[in-house]
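Just so we're clear, the structure is a prediction, and the values are computed from it rather than from any experiment.
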Amino acid sequence: MSDPVTLSKSGTIAIVEINNPPVNALGQAVREGLSDAVRQAEADPEVTAIVIIGAGRTFPAGADIKEFGRPMREPHLPEVIDRIESSTKPVVAALHGTALGGGFEIALGSHYRIALSDARVGLPEVHLGLIPGAGGTQRLPRLCGAEMALDIMFKGTPISAKVAHAAGLIDHLVEADLLGAAIAYAGELTEVRRTREETRGLADEAAFRTALGAAEQTANTRMRGQMAPLQIIACVKATLEQPFAEGRLYERNCFFECLASKQSKGMIHAFFAERASAKVPEAGRAKPRPLNSLGVVGGGTMGAGITVAALNSGLPVTMIERDDDSLKRGRANVEEVYDRLLAKGRITADHRASVMGLYTGSTDYSDLSDADMVIEAVFERLDVKRGVFAQLDKVMKPSAVLASNTSYIDIDHISSATNRPDQVLGLHFFSPANIMKLLEIVVPKGVADDVVATGFALAKRLGKVPVRAGNSTGFIGNRILGKYGMCAAHMMEDGATPYEIDAAIYAFGYPMGIHAMYDLAGLDIGWDNRKAAATTRNPDERDVQIADRICERGWFGQKTGHGFYLYPDGARIGTADPEVLAIIEAERALKGITPRAFSVEDIMERYMASMVNEACEVLREAVALKPSDIDVTFVYGYGFPRFRGGPMKYADGYGLDKMLDNIRAYETQDPVFWKPSPLLVELVAAGKTFDDLNKG
Ligand code: 3HC
Ligand code: NAI
């Protein structure tokens, strides 16, 4: 392996190049090499200035996350950066790609910063349950003040070099030849300039404290339950109140506290789980087909959302609707998204026009004859979907990939309407499809590998997080949701109010409880499903009909102003409804159930046990390939708190033996619903965890 850090010279300028593909992560060898190279350059009498640059695609994208959890080996990054900042010769950081986390902290510790104009910089540690731990919380506010620094650290999303330049975080932008420009720039420098001595960001103390107060508000609401945001605030406050050296030490302690927490373990797990879910056997065996145009059939909620997601990625879309009026509505559904963005000033009229220029609407299926892929998003009815696929089979070119966005229907029942079932897969988007990250890629048996690979390529292009799912009713997510939804219904009938259940789920870290979520999605969807499944349902299974009673009154959730909650005057957040409580009481009375109290702990133990037990069945049937895919599904599709890593990661931390004991206790009350999954039993017997399965 070549040296991860090399030192060379161009005239009197020393060039320190970091070369640790793919993202130049700052592992131990890099830190050591960097420290040595800067020391050597400083000691070289011929050298007048030093340039630090990354080889390949990026300046370092941060600490090596794989090292976290192992004993930290010297030299530590904060000391390496202090060493750089202490240099008596000017140091220029030359940035391209994504200078993130520890990488950006190196840049902040360097005396000057030059960047390619398309570079991005940021401190994304919060997404890993961490805080910047190499001086970032101390140096950044000194340069740009608390408001911007907190925004960068709270959002964790990189900002463009142009924005960073405008804020004084980058001194020079160049369009090309970064190294040449950095050498020329370094050649002009005669003095060092240390960020730790900078005070411009601290000058307006009142504004600084106001920003801290606003951040506290965000930490306690939008980021509630998370430790890192509170630690970031404390560290930023320290820049104002403590000398640099003490603040840096304080930051270091906070960093280690976060690193030791379950939260960072959960979020780091989610980071790697997300990347692992994109690696599937089919994509290893075959290349994706070309994907330069998309057809979407149906312009309702999902069809329009999928269209927007595709247009945003630059893919031209032809939308097919059943008649002119429906097509008009379909187009309007798409335009509405851009109109809202335009009204909020997030896009320009030109941008809207250019994106809509990629859109074509039609009621004639033959307009799809050139499309590389088509996604069907018509009503959730098998006869309608089969009719659509029979038409698609007639018009689509032989190399086209055919996909259905069905929520529950067996893909084989849809694909058999064509003469090319091996070219048909499921692409299950989540609503709103232009926002939600999850894309379940449903792979029926016998589908061609390159069709699957093309599904994953589409996900990447749309910026979605793909998860491979087997062709089972409800696939991974909705199948498991069905089970814990039933568990919630049982608890409601047994004595917990929907509001108590939702409060427990919210306190756990979800953005909303399951009943609020049902109200948002529309209670009629579940009602239709229950009616459709009425003839095939197991008669021994407990049948809670509270939601049916609510639907029978025409209360379908937010869209009707009434569901489990009341939404007076179009309110987005519901209020508890005594009439719903009366319906529940009446149902209990009909069944002779005496209500009992549920604690928050009771509620969450049952909720999680039903989720994880069904997830085990999903794994046993190979509907999901590995536990971490289920984690990704729930974090990106169902609002499961990312800081808990996902349900399987959570279960490992909770203790599989304890969870199995709980299930066995519930089984004595309802043996039909609570059958321990054989996989869970096996794992407990073998003393293994889901993480062992991930590794296997
Ligand atoms: N450490 C170790 N591996 C990393 C890494 C890191 N910081 N960042 C990315 N990788 C790995 C990925 O796991 C992936 O590996 P794989 O090919 O084996 O799956 C590979 O690099 C490529 O990553 P992506 O697939 O994500 O590539 P993209 O081009 O889509 O994205 C990226 C590149 C924007 C750099 C993205 O990987 C990213 O956001 N990385 C994380 C950045 C981050 O969180 N940095 C902060 C780290 S914590 C820190 O610095 C602490 C400090 O304050 C002390
Ligand atoms: P919708 O009712 O909003 O839209 C369906 C659209 O299909 C309508 O515009 C209708 O005119 C059109 N359509 C019906 N028959 C057609 C035909 N033969 N040819 C062309 N267009 C036709 O429904 P929604 O919510 O968009 O759902 C669509 C599909 O997506 C369903 O299969 C649903 O289960 C699935 N889905 C829905 C989610 C949701 O949250 N709404 C989430 C994920 C999947």
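To the nearest 0.5 Å, atoms CG (L439) and CG (L427) are separated by 5.5 Å. Rounded to the nearest 0.5 angstrom, L392 CG and I320 CD1 are separated by 8.5 Å. Atom CD in E579 sits 4.0 Å away from atom CH2 in W555 (nearest 0.5 Å). Going from atom SG of C616 over to atom CD of E621 covers 11.5 Å, rounded to the nearest 0.5 Å. The structure places CE of M517 at 8.0 Å from OH of Y638, a figure rounded to the nearest 0.5 Å. A distance of 11.5 Å separates CD1 in I232 from CE in M227, rounded to the nearest 0.5 Å.
Distance alone, capped at 3.5 Å, is enough to place a donor-acceptor pair between the Y499 side chain and the F564 backbone. K649 places no side-chain N or O within donor-acceptor distance of the main-chain N or O of H269, the cut-off being under 3.5 Å. Looking only at distances, a side-chain donor or acceptor of D602 sits under 3.5 Å from a matching main-chain atom of S599. Side chain of E500 to main chain of T497: a donor-acceptor pair is present (N/O by atom type, distance under 3.5 Å, no hydrogens or angles). Side chain of E380 to main chain of Y408: a donor-acceptor pair is present (N/O by atom type, distance under 3.5 Å, no hydrogens or angles). Using modelled atom types, one side-chain atom of E376 and one backbone atom of V378 make a donor-acceptor pair closer than 3.5 Å. The backbone N or O of I476 sits less than 3.5 Å from a side-chain atom of E440, completing a donor-acceptor pair. For the pair K155 (side chain) and P124 (backbone), a donor-acceptor distance under 3.5 Å is absent. Put simply, the side chain of N333 gets close to the backbone of G299: a donor and an acceptor are under 3.5 Å apart. The backbone N or O of H562 sits nowhere less than 3.5 Å from a side-chain atom of R553 that would complete a donor-acceptor pair.
There is a side-chain donor-acceptor pair under 3.5 Å between S472 and R479. Neither side chain, T594 nor R588, offers a donor N or O lying under 3.5 Å from an acceptor on the other. D519 and Y567 share a donor-acceptor pair across their side chains, judged by distance under 3.5 Å alone. Of the N and O atoms on the side chains of S326 and D323, at least one donor lies less than 3.5 Å from an acceptor on the other residue. In the model, N662 has a side-chain atom that pairs as donor or acceptor with a side-chain atom of Y654 under 3.5 Å. Checking D631 against S628 by side-chain atom types alone, no donor-acceptor pair falls below 3.5 Å. No side-chain N or O of Q545 forms a donor-acceptor pair with one of E587 less than 3.5 Å apart. Checking N434 against N312 by side-chain atom types alone, no donor-acceptor pair falls below 3.5 Å.
Scanning both residues, M611 and P647, for their nearest heavy atoms gives SD-CB, 3.7 Å. Between P229 and A219, the shortest heavy-atom distance links the atoms CB-CB, 4.0 Å. The nearest pair of heavy atoms linking Y484 to S610 is CB-OG, 3.3 Å.
For the pair R606 and Y666, the cation-pi test (distance below 6.0 Å, angle within 45°) is passed. Cation-pi geometry between K675 and F673 is not met: the NZ or CZ atom fails to fall both under 6.0 Å from the ring centre and inside 45° of the normal. F640 does not carry R642 over the face of its six-membered ring by the limits of under 6.0 Å from the centre and within 45° of the normal.
Counted within 6.0 Å of NZ on K591, heavy atoms from surrounding residues, nucleotides or ligands total more than 12; the atom is thus considered enclosed. More than 12 heavy atoms of other shown residues, nucleotides or ligands fall within 6.0 angstrom of atom CG in L590. For K262, the NZ atom sits in a loose shell: 12 or fewer heavy atoms of surrounding residues, nucleotides or ligands are nearer than 6.0 Å. Open room surrounds NZ on K328; 12 or fewer heavy atoms of other groups in view lie less than 6.0 Å from it. Other residues, nucleotides and ligands contribute over 12 non-hydrogen atoms within 6.0 Å of the CZ atom of R542.
Salt bridge present: E541 and R537 bring a charged side-chain N and a carboxylate O closer than 4.0 Å. Using a 4.0 Å cut-off between charged side-chain N and carboxylate O, E667 and R664 make no salt bridge. Look at R468 and E282 and you find a salt bridge, because one of the NZ, NE, NH1 or NH2 atoms lies within 4.0 Å of a carboxylate O, short of that distance.
Residues F271 and L128 are in side-chain contact: their nearest non-hydrogen atoms beyond the backbone lie under 4.5 Å apart. Within the 4.5 Å cutoff, the side chain of S404 has no heavy atoms near those of the V424 side chain. Taking 4.5 Å as the limit, some side-chain heavy atom of F634 sits within range of a side-chain heavy atom of I480. Here the side chains of K385 and T406 are in contact, with some heavy-atom distance below 4.5 Å. By the 4.5 Å heavy-atom criterion applied to side chains, Y506 and D502 are not counted as neighbours.
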Show your working on side-chain hydrogen bond (donor to acceptor under 3.5 Å, both in side chains) between Y636 and E274 and close with a plain yes or no. CA-CA 9 Å; Y636 290 101; E274 180 188 328; 2.5 Å; yes
Checking side chain to side chain contact (heavy atoms under 4.5 Å, CB included) for the pair S677/E614: CA distance, chi angles, key distance, verdict? CA-CA 7 Å; S677 166; E614 186 64 9; over 6 Å; no
Any chance you could lay out the side chain to side chain contact (heavy atoms under 4.5 Å, CB included) test for L683 and K688, step after step, and finish with the verdict? CA-CA 5 Å; L683 286 174; K688 288 194 171 160; 3.8 Å; yes
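Ring-plane geometry between H515 and Y518 is classed as perpendicular, the angle between the planes exceeding 60 degrees on a 0 to 90 degree scale with a lower cut at 30.
Screening V297, V401, L458, T307 against I375 for a side-chain contact (heavy atoms from CB on, under 4.5 Å) leaves a single residue, L458.
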